[in-house]
Amino acid sequence: MSSITDYERMPDVAEAERRGLAQEMQRLWETGPGVRGWLSTVDHKEIGLRYIVTAFAFLIAGGVEALIFRLQLAGPNEHLLTPEQYDQLFTVHGMTMIFLYAGPVLSGFSNYLWPLLLGARDMALPRLNALSYWIYLCAGVFLYAAFAIGFGPNDGWFNYVPLAARAFNGGPNIDFYALGMILLGISTTVGAINFIVTFLRMRAPGMTINRVPILIWGTLTASAANVFAIPAVSLAFFLLWMDRNLGTHFFDTAAGGQALLWQHLFWMFGHPWVYAIVLPAMGMVSDGLPVFCRRPLVGAPAVALATVATMVLGFGVWVHHMFATGLPTISLSFFSAASIIIALPSAVGVFAWLATIWTGRPVFTTAFLFFASFILLFTIGGVSGFMTGSLPVDWQLTDTYFVVAHIHYVLIGINVFPVAGAIYFWFPKFTGRMLDERLGRWNFWLMFAGFNIGFFPMHIAGLLGMPRRIYTYADGMGWDWVNLTITAGSFVFAFGVLLLIANVVRSVKAGRFAGANPWDAPTLEWATSSPPPPYNFVVIPTVGGAHPLWEDRLGTEGETSHTRAGLVLDHGREAIGTTPVDAEPNVILKMPGDSLSPLCLALAATALFVGLLLLAWWLVALSLLGIGASILVWLWPRARLGETAGGAHV
Amino acid sequence: MRQDANSSVKVAWLSALLATLMFASPARADAPLNYLTSHSDRADAVLHLTWGVMGISVVVMAAIGVLLTVSIWRRPGLAEPQPGMRLAVGPREGGLSWLWIGVGVSGLALLATVVWTVDVLAGLAEPAEGAPFTIEVTGHQWWWHVRYLSDDPSRIFTTANEIHIPTGVPVRFKLASGDVIHSFWVPALSGKTDLIPGQTNELWLEARDAGTYRGQCAEYCGIEHARMGLIVVAQSPAAFRTWWDHQLQSPAPPPDASAMQSFDMRCGSCHAVRGTAASGVLGPDLSHLMQRKTIAAGLLANTERNRLHWIDDPQAIKPGSLMPAPELTPHELAVIDGYLETLR
């Protein structure tokens, strides 16, 4: 017996075509059959697709909610909804779109794409990845259960106290919201940790940090931000839950608490979160757009740095949500200046994308149309944000429809449009088939026209003084025509989104075959088959530049990338661990196999929150036992993974 | 496709242009809460800044729109990628000057905006001459409690939902909340300031021109947030002083004393009328109700029909309102409204 353990051995180098290698990899990495396999898989691609599909289900739900209350607002003094119904609808709409769609859909793309972009076999922590998805699903169901039984959150997604305190909201609505958000926060946190570790350890040999695709930077930055930001909001919701149920007084001013504390905690999280749900989407554009311009992204290092800079500055602007709260003007001024200056890194992105189109030779695919139009929508959302950043101007703009316009240009313009483009771009990789381009044009133009007809006039409604969150308005306020336009546009936009879904449903079965690299794109995900095999790459690729698959035409940056020959890792499920900066291989990672323990842990954690909701302490105790048991099974040392002494020796 | 992309930007352009024109005049005149007209020097400075940053924004949108259109247009690719096809790629370098120029110009515009913003803020600081008096406004679900303060206790009085101020002088407002967070907003005169439990915020309000200005609660405060309006009446200093003097008087006793008793009994535990037994504080003070233009926090014109309807069934008009239906017979209703009509 050698003293070198299996994870310190020198792996073989071989051609991907070596006989029997692919079959061996398939055997090692394939998910088991049947329901058990489905429930226990830790394949990042499967998890990624589940994230995307679930997020789209929530997008549809949130969209239908919005369409219903847009009918109510189409004209003055409508009576379609009661005020309570309206309040639940607008709150659940915001909660759904911001927490259950916008973040998770990007987690889905990143989960699917990261290991492929990085030339890796899986995420660094595959079981944590499964846990992250299951908790997300459970939290979504938990929050929607409240809505289904008539107790949906109804104090706005921002949930200000004391309106959300027991004294003013006695039902279980806010308890559902508080606990559901804490549960969801666990999912986001473990997901974020997984991305960070994956970035540091799982990049293919040679993928030094200057060769990393921009999407990776976007998700990495967002993940780092989430690790810092989520605790603030989880704490806020936990304190609120205690105020409501255990008689504490954190937010109760009558007992020495602070109403504004909620706003600080919420926005310390809330503003970074806004960047967390756009930066990965901007990353997808930064990687996708150049493919259709047939050249590398202009100023890619500057764009990567701007991504990080945006996030860092993004932690210093939260008070711009609180400009009217009476804080001292001198401190507000700093936040105002920061909120204006944060546009600077955004300008880096805009001019880099523009220059890429200008100096490239754009080809007009549907994906290109979504990515290119995003630049304009991003600019509109950016300048309206710049306007609200100016403190005295914001005193007028805040809490009017101007801000509603702004947030929708940000969330739809910078999240939904890139996501739609990303679906057209990566669908062939996901399924092996192309989406229909003709239907795609209809899809794009209806979404683009509907969005601008529906949401641009919101700026005008705002300037004409229409406040947010009103369930109706009197006639004679001057808002009638503008609201009718908004409602009409929203329906056109919704129809466009429907076409996207129709295109996906149709093309899954009937689309043209794509082949490995239908767009002739430069990055590693296109080096493997479509859809990729469970192990992603037969041999681990070696990376010599930022555009491995374009090196034959662009020339190399000194080193050559190899995708058809590389390290063979076939002693079980294995991946290569590399150093954080230079990506030099230094360890063989033993990857865990499929397991039911993430699902069990997620269910036990959800039961815990149901127990807290019902104040059923027996259920709380039982759930804690379940959580302990799941973790025990999860972490039980296995010889196969080198977790017991001597177990992994050659 | 080239035309497609081009027209996309045209559409965006057109809507931006339309929007700008739209604000210009007619729409504004018909929208009482718009903030593109101002009636005080303090609001003017903010409005100029608003137009300034809006101008910058429209120019940026237009410039990016044009650059995007042209960039898409000028040199389209030779073929769309097809599965299995290999296309030309390049150039590897180039285009960086866009970043230097674009970011440089943006940076200058942003810095200028910061300087302008700070300059306007400095001008909005507490006015040098101070204010002749202070008005205390307390937000309630879903109405405004208003108290005029004075060093002379006999000149203090309470009213609701309708605030009178003299023209040409800055008035100091102390803003507080009786329950949840509200936001005080009279767009033609000033931006928003929140009313937050546990703290008192300050606001200086000034009207150059006499007139009636609409206001609205701007922070979501529960089920009837939509209908928490207010009115600010700016009048000449002389008329204002007359108004104040009048507010200090108790209304003349009604010819029918039993009407007053009915009111005291049915309404007096929530509403107050100065100088009578009715002294409730849960609802708006009604001392000089008939001088107010509206009832139910700016929701309805103060007419007999509206008053009768409102008193009879507040939940039908403002569902969720904290005013319960008093279940009056038609006769009682008429008597009580008859009494209200004497509150001049």
Side-chain angles (χ1 to χ4, degrees), chain A residues 83 156 160 162-163 168 253 259 294-295 298-299 302 324-326 329 336-337 340-341 343-344 347-348 351 354-355 357-359 361-364 373 375-376 379-380 383 387 390-393 395-396 399 448 452 456 460 463-465 467 469-472 478 514-515 518-520 550 553-554, chain B residues 1 12 15 19 22-23 30-31 33-36 46 49-50 53 57 60-61 64 67-68 71-72 75-77 80-81 83-84 86-87 89-90 92 94-96 98-99 102-103 106-107 110 113-114 117 120 180-181 183 187 191-194 196-198 201 216 218 220 222-223 226 319-320:
Chain A
Y160 280 2
L163 186 59
F168 298 99
T253 45
R294 309 307 305 159
R295 63 152 300 169
V298 171
T325 54
T329 306
S336 177
I340 294 171
I341 296 302
L344 213 50
V348 173
F351 287 104
L354 275 179
I357 304 179
W358 188 280
T359 57
R361 303 293 299 266
V363 283
F364 304 130
S373 64
I375 300 173
L376 186 67
T379 305
I380 298 175
V383 293
M387 286 177 68
S390 177
L391 176 55
V393 177
W395 283 332
Q396 289 287 12
D399 280 319
F448 185 78
N452 285 296
F456 198 86
I460 302 168
L463 294 168
L464 296 179
R469 298 152 190 155
I470 53 172
Y471 71 87
T472 190
W519 310 118
D520 186 19
W550 278 358
R553 284 156 286 171
L554 273 185
Chain B
M1 273 330 294
S15 37
M22 218 86 80
F23 317 144
D30 297 336
L33 281 177
N34 90 79
Y35 41 84
L36 296 173
V46 178
L49 177 62
T50 305
V53 291
S57 299
V60 169
M61 268 166 57
I64 299 294
L67 289 174
L68 182 62
S71 70
I72 289 172
R75 232 163 49 107
E80 285 189 24
R86 290 172 81 69
L87 301 170
V89 179
R92 169 188 280 285
L96 268 180
W98 280 71
L99 289 192
V103 175
S106 310
L110 294 173
T113 306
V114 171
T117 294
V120 170
V180 302
I181 299 177
S183 195
K192 304 170 187 75
T193 306
D194 292 351
I196 301 172
N201 283 339
Q216 165 77 28
Y220 177 66
I223 204 160

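Because the structure is predicted, anything quoted here is derived from the model rather than measured. Order of the sequence lines fixes the chain letters, A, B, ..., with proteins taken first and strands second; residue numbering starts at 1 for each chain.
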task: Identify the two heavy atoms, one from Y220(B) and one from G156(A), that lie closest to each other, and give their separation to 0.1 Å.
output: CE2-N, 4.2 Å

Y160(A) versus chain B, the contacting section by heavy-atom distance below 4.5 Å: side chain

field: Over all atoms of both residues, closest heavy-atom pair of I223(B) and P83(A)
entry: CG1-CB, 3.5 Å

query: Which one, G90(B), G198(B), G95(B), G222(B), leads in non-hydrogen pairs under 4.5 Å with chain A?
result: G90(B)

task: Determine yes or no for a side-chain-to-main-chain donor-acceptor pair under 3.5 angstrom, with N201(B) supplying the side chain and T325(A) the backbone.
output: yes

query: What part of S390(A) lies closer than 4.5 angstrom to a heavy atom of chain B: side chain, backbone, both or neither?
result: both

field: Closest non-hydrogen atom pair, M61(B) against L376(A)
entry: O-CD1, 4.1 Å

message: If you compare all heavy atoms of V89(B) against all heavy atoms of W550(A), which two are closest, and at what distance to 0.1 Å?
response: CG1-CE3, 3.3 Å

message: Among T113(B), V60(B), T117(B), L96(B), which residue has the highest count of heavy-atom pairs closer than 4.5 Å to chain A?
response: T117(B)

- request: Give the member of P362(A), G299(A), G326(A) that has the highest number of heavy-atom pairs under 4.5 Å with chain B.
  value: P362(A)

- prompt: Quick one: what part of A343(A) sits under 4.5 Å from any heavy atom of chain B, side chain, backbone, both or neither?
  reply: both

task: Give the minimum heavy-atom separation between K192(B) and A324(A), together with the two atoms involved.
output: O-CB, 3.6 Å

query: Side chain, backbone, both or neither: which part of A302(A) has a non-hydrogen atom closer than 4.5 Å to chain B?
result: side chain

message: On a heavy-atom basis, which atom in T253(A) and which in P197(B) lie closest, and how many Å separate them?
response: CG2-O, 3.2 Å

query: Hey, which of I375(A), I340(A), I470(A), I341(A) has the most heavy atom pairs under 4.5 Å with chain B?
result: I340(A)

message: If the condition is salt bridge (Lys or Arg N to Asp or Glu O under 4.0 Å), which residues does R75(B) pass it with, not counting sequence neighbours?
response: none

task: Give the member of L99(B), V46(B), T193(B), L67(B) that has the highest number of heavy-atom pairs under 4.5 Å with chain A.
output: L99(B)

message: Heavy-atom pairs under 4.5 Å with chain B: which of A259(A), S336(A), A514(A) has the most?
response: A514(A)

query: Highest number of heavy-atom pairs under 4.5 Å with chain B: which of T472(A), I357(A), L391(A)?
result: I357(A)

query: To the nearest 0.5 Å, what is the distance between CG (L354(A)) and CD1 (I72(B))?
result: 9.0 Å

- request: Just jot down the side chain to side chain contact (heavy atoms under 4.5 Å, CB included) partners of S106(B), sequence neighbours excluded, or say none.
  value: L344(A), A347(A), F351(A)

